Amino acid sequence: MPELPEVETISRFLKEGNSQQSSVLGRTIQRVDLLWERSVAEPAAAEFLVRLPGQTIAGIGRRGKYLRLDLSEDVLLFHLRMSGDLLVEPVDAPIGPHYRLLLYLDQNLRLAFHDTRKFGRVWLTQDPQHVFQNLGPEPLNPELTAADFYARLQRHHRQLKPLLMDQSFLAGLGNIYTDEALHMARLHPLAISDKLTEEQAARLLAAIRKALSEGIRRNGTSIDWVYRGGDYQRYLQVYQRTGEPCKTCGTPIERIIVGQRSTHFCPNCQPLP
DNA sequence: ACGAGCGCCTGTCGGC
DNA sequence: TGCCGACAGGCGCTCG
């Protein structure tokens, strides 16, 4: 499910609450239920379970696609991968078949890690930097300039689609927002990174930022049964629109496989150089 | 340095 | 209706 905008949305909901759910900021973990051991990346499950109770959630944030909970002693990181989600519920809400980790909090609240496909992972660590060590820059950080971005593109000889999805190049893009950003920038997904002009690189960075910030503004993208609440899917230009007319020029959207991932683009708006 | 293939998992959908 | 393959917001690992 979640790319940067969905993780950012979940992070904000956990921090600020909304009409459906309370904030978990300031809540203390009282009891932990681990329903799928392999969801824990580190430490070993036994240590994970004894270290959590008694810790208070003092801060909530995001780095790339990682969600970060700063606890009183440790840092708890979630990576939601394909199907993960975090839910704030009353302690007596029913527990469905895809719950993997339950953190029982004070005020009769429960923070639930829900993950149908079991790809998601959780880390409890005092050193989040070692988990983040291979992550590239945050695309929305203004310290990343167009000149920097152009220089980074020049350093690689790679197809744009897999390069943009490489989290060590840029942290946060996934399949949806990469396809949308490339269409917005009028660049072919197979264009080669070190062949871009400075103008094209600047356009690409601006498009990435526009797609991500629009995604955040719409609370993310909700497709199928995974992740509810956002409505950026109503504004998608190419993703999962194979054969439908391009909203800019009317040409049918094409789908190809790049790096084992479905890739959607308009052959007219995004010509291969 | 790159890209391809595969594994990890469960669920949905379309074709026959 | 039932079965079977394709496919799904990700990523780490091998192997050329």
Side-chain angles (χ1 to χ4, degrees), chain A residues 1-11 35-42 62-67 77-86 96-101 113-123 130-136 139 152-182 189-195 208 211-212 214-216 218-243 255-264:
Chain A
M1 159 211 1
E3 305 180 32
L4 187 154
E6 290 75 35
V7 179
E8 179 66 27
T9 300
I10 293 169
S11 162
L35 304 169
W36 182 254
E37 276 206 14
R38 275 184 279 175
S39 294
V40 179
E42 68 169 61
R62 177 194 61 75
R63 171 79 172 97
K65 300 177 193 172
Y66 290 84
L67 189 91
L77 301 173
F78 290 88
H79 197 303
L80 306 176
R81 297 280 183 99
M82 291 291 266
S83 61
D85 200 0
L86 285 165
H98 304 123
Y99 284 68
R100 308 304 177 199
L101 173 67
F113 176 49
H114 184 277
D115 183 21
T116 307
R117 292 179 68 183
K118 298 178 175 173
F119 290 161
R121 289 294 178 269
V122 187
W123 293 255
H130 100 271
V131 180
F132 298 156
Q133 65 183 346
N134 291 320
L135 284 186
R152 292 177 66 81
L153 287 165
Q154 290 295 115
R155 261 180 247 142
H156 300 272
H157 184 75
R158 292 184 66 180
Q159 299 169 335
L160 289 181
K161 170 81 189 240
L163 180 60
L164 294 177
M165 290 190 60
D166 184 335
Q167 302 299 297
S168 68
F169 180 75
L170 199 61
L173 285 175
N175 214 27
I176 295 179
Y177 293 92
T178 302
D179 282 4
E180 293 300 312
L182 285 170
L190 298 180
I192 301 299
S193 58
D194 59 2
K195 301 277 200 284
I208 289 166
L212 292 175
E214 276 300 293
I216 292 170
R218 303 287 173 189
N219 293 326
T221 305
S222 314
I223 293 175
D224 302 332
W225 81 103
V226 198
Y227 187 75
R228 317 131 325 273
D231 66 349
Y232 190 61
Q233 69 279 5
R234 287 163 47 189
Y235 307 93
L236 297 177
Q237 303 292 303
V238 287
Y239 184 78
Q240 285 195 352
R241 295 194 64 246
T242 310
R255 173 180 177 272
I256 57 176
I257 302 295
V258 185
Q260 285 96 257
R261 305 300 299 272
S262 276
T263 298
H264 313 77

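What you see is a predicted model, and the numbers here were worked out from it, not measured in a lab.
A straight line from CG of A:Leu173 to C1' of C:dG10 spans 13 Å, rounded to a whole angstrom. Distance A:Gln240 CD to B:dC13 C1': 12 Å, rounded to the nearest Å. If you take CG of A:Leu170 and P of C:dC11, they are 12 Å apart, rounded to a whole angstrom. Look at CD1 on A:Ile257: it is 9 Å from C1' on C:dC7, rounded to the nearest Å. Residue A:Arg121 contributes atom CZ, which lies 12 Å from atom P of C:dC11 at whole-angstrom precision. Nucleotide C:dG10 holds its P atom 11 Å from the CD1 atom of A:Ile223, rounded to whole Å. Distance A:Arg81 CZ to C:dC11 C1': 5 Å, rounded to the nearest Å. The distance between atom NE2 of A:His114 and atom P of B:dC9, rounded to the nearest whole Å, is 17 Å.
Smallest separation of non-hydrogen atoms from A:Leu173 and A:Lys65: O-NZ, 3.0 Å.
Distances were taken from every side-chain heavy atom of A:Arg38 (C-beta onward) to each of B:dC9, B:dG5, C:dG10; the shortest belongs to B:dC9. Comparing B:dC9, C:dC11, C:dC7 by their closest approach to the side chain of A:Ser262 singles out C:dC7. Side-chain proximity of A:Gln260 to the nucleotides B:dT10, B:dA4, B:dC9 is greatest for B:dA4. Taking the side chain of A:Pro162 as heavy atoms from C-beta on, and the options B:dC9, C:dA8, B:dG3, the nearest nucleotide is B:dG3.
A:Arg255 places no side-chain N or O within donor-acceptor distance of the main-chain N or O of A:Arg241, the cut-off being under 3.5 Å. Of the possible polar contacts, one joining the A:Glu180 side chain to the A:Gln237 backbone as a donor-acceptor pair under 3.5 Å is found. Distance alone, capped at 3.5 Å, is enough to place a donor-acceptor pair between the A:Glu3 side chain and the A:Ile176 backbone. No donor-acceptor distance shorter than 3.5 angstrom exists from the side chain of A:Thr116 to the backbone of A:His114, with no hydrogens or angles considered. Side chain of A:Glu37 to main chain of A:Leu35: no donor-acceptor pair is present (N/O by atom type, distance under 3.5 Å, no hydrogens or angles).
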Atom pairs under 3.5 Å, N or O on each side, protein against nucleotides 13-16 of chain C: can you list them with distances?
none

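Residue ring and base: A:Phe119 does not count as stacked with C:dC11 (centre distance below 5.5 Å and interplanar angle below 30° not both satisfied).
Between A:Arg158 and B:dA1 there is no side-chain polar atom (N or O) within less than 4.0 angstrom of OP1 or OP2. Taking only side-chain nitrogens and oxygens, A:His98 never comes nearer than 4.0 Å to OP1 or OP2 of B:dT10. Listed pair A:His156 / B:dA1 fails the phosphate criterion, with no side-chain N or O lying under 4.0 Å from OP1 or OP2. For B:dC8, the OP1/OP2 oxygens have no side-chain nitrogen or oxygen of A:Lys118 closer than 4.0 Å.
Between the side chain of A:Arg117 and the base of C:dA8, at least one donor-acceptor pair of N or O atoms lies under 3.5 Å.
Between C:dT1 and B:dT10, the distance separating the two P atoms is 25 Å to the nearest Å. Between C:dC4 and B:dC9, the distance separating the two P atoms is 22 Å to the nearest Å. Separating the P atom of C:dA6 from that of B:dG5 is a span of 14 Å, rounded to the nearest Å.
Side chains of A:His157 and A:Asp194: a donor on one and an acceptor on the other come within 3.5 Å.
Once rounded to the nearest 0.5 Å, the distance linking OG1 of A:Thr263 with CG of A:Leu160 reads 11.5 Å. Rounding to the nearest 0.5 Å places CG of A:Leu77 at 14.0 Å from CZ of A:Arg121.
Taking the six-membered ring where tryptophan is involved, the planes of A:Tyr232 and A:Tyr177 are essentially parallel, since the angle between them stays under 30° and well short of 60°.
Here the options are A:Thr178, A:Asp166, A:Asn175, the test is side chain to side chain donor-acceptor pair (under 3.5 Å), and the partner is A:Lys161; only A:Asn175 passes.
Residue A:Arg261 is classed as a base contact, given a heavy-atom separation below 4.0 Å to a base. Looking at heavy-atom distances under 4.0 Å, A:Tyr177 makes no contact with the nucleic acid at all. Here A:Gln159 lies in heavy-atom contact (under 4.0 Å) with sugar-phosphate atoms only.
Remark: DNA chain C forms stems of 3 or more consecutive Watson-Crick or G-U wobble pairs, all pair distances under 3.5 Å, at B:2-8 with C:10-16, B:10-16 with C:2-8.
Residues A:Arg255 and A:Gly174 both approach DNA chain C. Their nearest nucleotides, taken by heavy-atom distance, put A:Arg255 toward the 5′ side.
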